[in-house]
Colleague: 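Structure provided below as C-alpha cells; questions to follow.
Note that the coordinates shown come from a computational prediction; the quantities given were computed from them, not determined experimentally. Each residue takes its place number in the sequence, starting with 1. Hydrogens, waters and symmetry mates play no part in the numbers below; they use all other heavy atoms, side chains included.
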Amino acid sequence: MKRLTIWWMMAVLVLLVWIGGCGTSPNGTTSDHVLPGKVPIQIDPNVSKHHVSKPRKPVLIAIDQTLQPGFYGNSFTFQIEQIPKGYMLAEMQWISLKSRVVNSLQDAINHGGNGKFGFYISGDGQFSGFTYPNKMKDQQGQIIFIFHDDHNNKLTWKKKIILK
C-alpha cells in the first residue's frame with residue numbers, strides 16, 4: 001500500500017513540474033504558444049515599474065461668479081476642493097484674446113494683502129479669487145490652474161468662462 005501511495009505522489013509531482021514548465025523554453029523565456037481563445041500578455045521590457053502611473057483623484061475647483069457680500073468690483077471666487085496627494089498650487093492664469101494675467105502662488109498671497117488686480121489668496125487661505133478692472137468685463141477666456149509635486153510633475157486644470 002505504501003508503495004502505491006509513493007508512486008502516486010511521484011506521478012503528481014512529475015505532472016506539476018511538467019505543467020509548471022509549459023510555455024517556458026530551456027533558457028527561461030516564455031514561448032509564443034497561446035491556448036486557443038486566450039490573448040497573450042505583451043510586456044514591454046523598456047518600461048520601468050517606477051514609471052507606471054497610479055490612478056489619482058481628479059482636480060476639482062469651484063468657480064463662483066455671484067456677487068459676494070463685502071466684495072465690490074469685478075471679481076469671482078474660487079475654491080480648490082480636491083487635488084491629488086502631494087500636489088500644490090503653483091500658478092494661476094487668466095487668458096483671453098484681449099488680456100493675459102499670470103500669477104504665482106506668492107503673487108496671489110501678496111494680492112490678498114494689497115488688493116491689487118489679479119488672483120488673490122487671503123493670508124489665512126479662507127478667501128481666494130480673481131479681481132479685474134472694468135475693461136476686462138465681458139471677456140471670454142480661460143482660467144488655468146497649474147499644480148506641481150515634489151518631483152516637478154505638473155497637473156493643469158482649465159475652465160472657459162465669461163467675466164461678469
Colleague: Are I80 and I121 connected in a single hydrophobic cluster, I mean Ile/Leu/Val/Met/Phe/Trp/Tyr linked by side-chain heavy atoms less than 4.5 Å apart?
Modeller: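 In one cluster with I121: I80, yes.
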
Colleague: Could you go through residues 91-103 and list every donor-acceptor pair under 3.5 Å that involves a side-chain atom there, pairing it with any protein atom two or more places apart or in another chain?
Modeller:
from: E91; atom 1: OE2; to: Q93; atom 2: NE2; distance (Å): 2.5
from: W94; atom 1: NE1; to: S99; atom 2: OG; distance (Å): 3.4
from: S96; atom 1: OG; to: K98; atom 2: N; distance (Å): 3.3
from: S96; atom 1: OG; to: S99; atom 2: N; distance (Å): 3.1
from: S96; atom 1: OG; to: S99; atom 2: O; distance (Å): 3.4
from: S96; atom 1: OG; to: S99; atom 2: OG; distance (Å): 3.2
from: S96; atom 1: OG; to: Q139; atom 2: OE1; distance (Å): 2.6
from: S99; atom 1: OG; to: Q139; atom 2: OE1; distance (Å): 2.7
from: N103; atom 1: OD1; to: F119; atom 2: N; distance (Å): 2.9

Colleague: Do F76 and I143 have side chains that get closer than 4.5 Å, going by heavy atoms?
Modeller: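 The answer is yes; the side chains approach within 4.5 Å.
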
Colleague: Please enumerate all residues that pass side-chain hydrogen bond (donor to acceptor under 3.5 Å, both in side chains) together with D138, with sequence neighbours excluded.
Modeller: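 Applying side-chain hydrogen bond (donor to acceptor under 3.5 Å, both in side chains) to D138 gives none.
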
Colleague: For the side-chain contact (heavy atoms from CB on, under 4.5 Å) test, which of I146, L89, N110 pairs with L105?
Modeller: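 Single pass found, and it is L89.
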
Colleague: List in chain and number order the residues that pass side-chain hydrogen bond (donor to acceptor under 3.5 Å, both in side chains) with S104, two or more places apart in sequence or in another chain; answer none if no residue qualifies.
Modeller: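 With sequence neighbours excluded, S104 shows a side-chain hydrogen bond (donor to acceptor under 3.5 Å, both in side chains) to D107, given in chain and number order.
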
Colleague: Minimum heavy-atom separation for M136 to L163, with atom names?
Modeller: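 In terms of heavy atoms, the two residues are closest at O-CD1, 3.5 Å.
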
Colleague: Between F145 and I61, does a side chain to side chain contact (heavy atoms under 4.5 Å, CB included) hold up when you go through it step by step?
Modeller: CA-CA 9 Å; F145 289 89; I61 300 176; 3.6 Å; yes

Colleague: For a quick test of reading the model, state the closest non-hydrogen atom pair linking K154 to T156 and the distance between them.
Modeller: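 Looking at all heavy atoms of both residues, the shortest contact is CE-OG1, 3.8 Å.
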
Colleague: Under 3.5 Å, which donor-acceptor pairs do the side chains of residues 81-88 form with other protein atoms, sequence neighbours left out?
Modeller:
from: Q82; atom 1: NE2; to: P58; atom 2: O; distance (Å): 2.9
from: Y87; atom 1: OH; to: R56; atom 2: NH1; distance (Å): 3.4

Colleague: For the residue pair Y132 and F130, is the inter-centroid distance of their aromatic rings smaller than 6.0 Å?
Modeller: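 Ring centroids of Y132 and F130 are less than 6.0 Å from each other.
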
Colleague: Check whether more than 12 heavy atoms from other residues, nucleotides or ligands sit under 6.0 Å from atom CD of Q142, and answer yes or no.
Modeller: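 Counting other residues, nucleotides and ligands, CD of Q142 exceeds 12 neighbours.
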
Colleague: Only counting residues at least two apart or in another chain, list the ones meeting side-chain hydrogen bond (donor to acceptor under 3.5 Å, both in side chains) with D149.
Modeller: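 For D149 the side-chain hydrogen bond (donor to acceptor under 3.5 Å, both in side chains) partners, ignoring immediate neighbours, are N153.
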
Colleague: Using the rule given for ring-ring contact (aromatic ring centres under 6.0 Å, His included), can you reason through F127 versus Y120, listing the C-alpha separation, both sets of side-chain angles and the distance that settles it, and then say yes or no?
Modeller: CA-CA 8 Å; F127 301 103; Y120 67 86; 8.3 Å; no

Colleague: Roughly how far, to the nearest 0.5 Å, is CD1 of I109 from OG of S128?
Modeller: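 Nearest 0.5 Å value for the OG-CD1 distance: 11.0 Å.
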
Colleague: If you group Ile, Leu, Val, Met, Phe, Trp and Tyr by side-chain heavy-atom gaps below 4.5 Å, do F78 and L155 land in one group?
Modeller: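 Yes, same cluster.
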
Colleague: Would you find a donor on one side and an acceptor on the other, under 3.5 Å apart, between the side chain of T77 and the backbone of G129?
Modeller: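 It does not hold such a pair.
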
Colleague: So, using side-chain hydrogen bond (donor to acceptor under 3.5 Å, both in side chains) as the criterion, who are the partners of S122 when residues are at least two apart?
Modeller: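 side-chain hydrogen bond (donor to acceptor under 3.5 Å, both in side chains) list for S122, sorted by chain: D124.
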
Colleague: Do you know which two heavy atoms are closest between N74 and K164, and how far apart they sit?
Modeller: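 For N74 versus K164, the nearest heavy atoms are OD1-O, 4.2 Å.
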
Colleague: Which pair of non-hydrogen atoms, one from V59 and one from W157, has the smallest distance, and what is that distance?
Modeller: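 Heavy atoms of V59 and W157 come nearest at O-CD1, 3.5 Å.
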
